[in-house]
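See below for the structure under consideration.
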Amino acid sequence: MSELLLVDDEIESRQSIRAMIESSEYNYFSVYEAETYEDGLSLLKQLNPTVLISELSLPDGNGLALCKEALQW
């Protein structure tokens with residue numbers, strides 16, 4: 001099964017994206033969530049997800065830097 005990692009500090013945003021995925025034809029994704037850069041990085045290393053969706057402005061880091069980090073895995 002493919003994995004999708006959502007990194008966003010706003011729970012409403014994460015819930016909306018999760019609901020869209022789960023109600024779509026792409027509902028075969030296992031969806032994981034993180035609300036901080038550090039939590040996202042930890043899950044990124046553990047899961048090596050197929051898809052990463054990240055907010056650019058996180059409370060403890062930069063979402064773009066997180067995406068660049070993902071490309072190195």
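Computed from a predicted structure; not experimentally measured.
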Task: Distance-minimising heavy-atom pair for P49 and L5 - done: CG-CB, 3.9 Å
Open item on the list: Go through it in stages, so that I can follow the logic: the residues are L4 and I21, the test is side-chain contact (heavy atoms from CB on, under 4.5 Å), and I'd like the CA-CA distance, side-chain angles, deciding distance and then a yes or no.
Closed with: CA-CA 10 Å; L4 182 142; I21 296 295; 4.2 Å; yes
Open item on the list: Quick one: does any side-chain atom of S16 pair with a main-chain N or O of E12 as donor and acceptor, under 3.5 Å?
Closed with: yes
Open item on the list: I need the L58 CG to E35 CD distance, nearest 0.5 Å.
Closed with: 10.0 Å
TODO: Return the minimal non-hydrogen interatomic distance between L64 and L56, and the atom names on each side.
DONE: N-CD2, 4.0 Å
TODO: Please check if the side chain of D9 supplies one atom and the backbone of T36 the other of a donor-acceptor pair under 3.5 Å.
DONE: no
Task: Rounded distance [0.5 Å steps], CG in L6 versus CZ in F29 - done: 10.5 Å
- [ ] Using the side-chain contact (heavy atoms from CB on, under 4.5 Å) rule, take Y32 and L47 through it: C-alpha gap first, then chi angles, then the decisive distance, then the call.
- [x] CA-CA 9 Å; Y32 298 89; L47 301 171; 3.5 Å; yes
Task: Residue pair L66, V7: steps toward the side-chain contact (heavy atoms from CB on, under 4.5 Å) verdict - done: CA-CA 9 Å; L66 180 63; V7 184; 3.8 Å; yes
Task: Distance (rounded to the nearest 0.5 Å) between R18 CZ and M20 CE - done: 12.5 Å
- [ ] To the nearest 0.5 Å, tell me how far L52 CG sits from L71 CG.
- [x] 9.0 Å
TODO: Measure the CD-OH distance between E3 and Y28 for me, rounded to the nearest 0.5 Å.
DONE: 13.0 Å
Open item on the list: Salt bridge or not between E10 and R14? Use side-chain N to carboxylate O under 4.0 Å.
Closed with: no
Task: Closest approach of C67 to S54 (non-hydrogen atoms, all atoms of both residues) - done: SG-CB, 4.1 Å
- [ ] Let me see the working for Q46 and S42 under side-chain hydrogen bond (donor to acceptor under 3.5 Å, both in side chains), right down to the final yes or no.
- [x] CA-CA 6 Å; Q46 290 174 21; S42 177; 3.3 Å; yes
